[in-house]
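Before any comments, here is the structure.
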Protein chains: 2
Amino acid sequence: MSSEKLDTEVRQDQITQAALNLIASHGFRELSMVKIARKVGIVPSAIYRHFKNKEEVLDAALDQIQERLHDNVGIVCNETSEPLDRLKRLLIYHVKLIRESQGILRIVLSEDIYDGHSERRIKVYNIIKGYLDKIDKIVSQGQQEGKIRQDRDAATISLMFLSIIQQAAILWHISNGKFDVTRHAEKAWRIFNEYLEMK
Amino acid sequence: MSSEKLDTEVRQDQITQAALNLIASHGFRELSMVKIARKVGIVPSAIYRHFKNKEEVLDAALDQIQERLHDNVGIVCNETSEPLDRLKRLLIYHVKLIRESQGILRIVLSEDIYDGHSERRIKVYNIIKGYLDKIDKIVSQGQQEGKIRQDRDAATISLMFLSIIQQAAILWHISNGKFDVTRHAEKAWRIFNEYLEMK
DNA sequence: CTGTATTGTGAATGTGCTTTCACAAACGAT
DNA sequence: ATCGTTTGTGAAAGCACATTCACAATACAG
């Protein structure tokens, strides 16, 4: 009952995707090599042909998340050059990302992903920091252009911006979809936008 | 090598405290009956004299967290009757709570605490909702008194308020204390306060 | 002082997990 | 077609864990 033999590159991709989907749908706690293997259609030990260990699989999954976040920023920056529009669209994309791949961002927040190993912690911190930096750039540019009030810290504004969605996403998840993220995001954005525009 | 025999009530308290401290310092993932027992000074199986299983221990720990959150609200409401002052102080107490008992609030956010069992998920949701309701009351009252602008949803404002600290707390933790929560809380509060005061 | 309920102990069970390893099947270059 | 490399397999080792159970120590009521 042998599976088809595939290149390491292909398998690595499949394994990473499987891991991401499993985390998204059943949480980090439920993630096991057995389940990843089942989803890919191979046997657990076969994973070790393509990754050194579970750690490496997780790292690859984190890389994917980072990519998706950065992609979103790239997209909105291409779509419009208006700073406030960029932020608004980024908010929408972020919410969409959360809704589509359930927990993909809660992964970043999940306590358990660190598991004592501080390298992973640093990696996660850098992912968030990288994302925040990009938001920061949008804000700073908006301030220079006079489109966003200049009397407040760009970093603080950026973090507040991220906080809005993130916390809502958590509530959304815990409530089993009962809590309306999109609605909250809209309302919160109105408040935030109004503040940023103030002179 | 027998331990002193103590009443179930006392042991339940010790066990709950031990569990909370362990989660706070080493995360939810690391929590085990063995470690709880070691901290209390008894043998793992002895825990089962006082709790039916691990689930019950966790539930007791969650109850404790809820209590602390509600206590904070009670304290600030006794300290002052000015809505904005109440919020500001609550922010400070919240940050303090986070700083003191490391991860006590990340527990609420931790993916793994649900572990598939939806009862626990509901319980956590209710804890947050209860806390948010109390914040909501402060905001609503402030709006009625004309101390807080009335053209925005109290619920949205409350959630934004909570988000500010919560996300910062997460960053603080991930960065191993490098990120300055207190500083961010202060800056964010200034922004938030200014907005709420606007007519 | 005696008997009974309560609390603690150590060993054992069972489960699920990651990881290793010898071996087998498929592939690719020559 | 063949040989070496890559990928997949199944079994097993080894670990941590929650939980159970018979038994021992302790407290306490009468």
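Keep in mind it's a predicted model, so treat the numbers as computed, not measured. Below, read A as the first sequence line, B as the second, and so on, with proteins coming before strands; counting in each chain starts at 1.
- Taking atom CD1 of Ile42(B) as the reference point, atom C1' of dA24(D) lies 16 Å away to the nearest angstrom.
- Residues passing the salt bridge (Lys or Arg N to Asp or Glu O under 4.0 Å) test with Asp7(B), sequence neighbours excluded: none.
- Nearest-nucleotide positions on DNA chain C place Lys5(B) closer to the 5' end than the other of Val43(B) and Lys5(B).
- At whole-Å resolution of the value, CZ in Arg38(A) and C1' in dG8(D) are 17 Å apart.
- Ring centroid separation for the pair Tyr131(B) and His94(B) comes in under the 6.0 Å cut-off.
- Residues Pro44(B) and Gly41(A) each lie close to DNA chain D; by heavy-atom proximity, the contact nearer the 5' end of the strand is made by Gly41(A).
- Distance, Lys35(A) NZ to dT19(C) P: 16 Å, rounded to whole Å.
- OP1 or OP2 of dT7(C) has at least one side-chain nitrogen or oxygen of Thr8(B) nearer than 4.0 Å.
- A donor-acceptor pair under 3.5 Å links the side-chain atoms of Arg121(B) to the main chain of His173(A), judged by distance alone.
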Using a cutoff of under 3.5 Å, can you pull out all pairs of nitrogen or oxygen atoms linking the protein to nucleotides 28-30 of chain D, with atom names and distances?
none

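- Partners of Gln14(A) by side chain to side chain donor-acceptor pair (under 3.5 Å), not counting sequence neighbours, listed by chain and number: Arg11(A).
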Listed pairs under 3.5 Å, donor-acceptor, residues 181-193 of chain A side chains, sequence neighbours left out:
from	atom 1	to	atom 2	distance (Å)
Thr182(A)	OG1	Arg99(A)	NH1	2.9
Lys187(A)	NZ	Asp153(B)	OD2	2.7

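- What separates CD of Gln12(B) from C1' of dT7(C) is a distance of 13 Å, to the nearest Å.
- Atoms CG (Leu6(B)) and C1' (dA5(C)) sit 16 Å apart, rounded to a whole Å.
- With hydrogens and angles disregarded, no donor-acceptor distance shorter than 3.5 Å links the side chain of Glu56(A) to the backbone of Phe51(A).
- For Arg11(B) and dT6(C), the shortest distance from a side-chain N or O to OP1 or OP2 is not below 4.0 Å.
- For the atom pair CD1 of Ile36(A) and CG of Leu31(A), the computed distance is 4.0 Å after rounding to the nearest 0.5 Å.
- At whole-Å resolution of the value, CD in Glu56(A) and C1' in dT18(C) are 14 Å apart.
- Residue pairs satisfying the salt bridge (Lys or Arg N to Asp or Glu O under 4.0 Å) criterion with at least one member in residues 34-45 of chain B, sequence neighbours excluded, are listed as follows: Glu30(B)-Lys35(B).
- In this model, no donor atom of one side chain and acceptor atom of the other lie less than 3.5 Å apart for Gln166(B) and Gln166(A).
- In this structure, Glu55(B) places its CD atom 11 Å from C1' of dA18(D), rounding to the nearest Å.
- Near DNA chain C, meaning a heavy atom under 4.0 Å away, the residues from residues 45-54 of chain A are Ser45(A), Tyr48(A), Arg49(A), Asn53(A), Lys54(A).
- If you measure from atom CD of Glu4(A) to atom C1' of dA25(C), you get 13 Å, rounded to the nearest angstrom.
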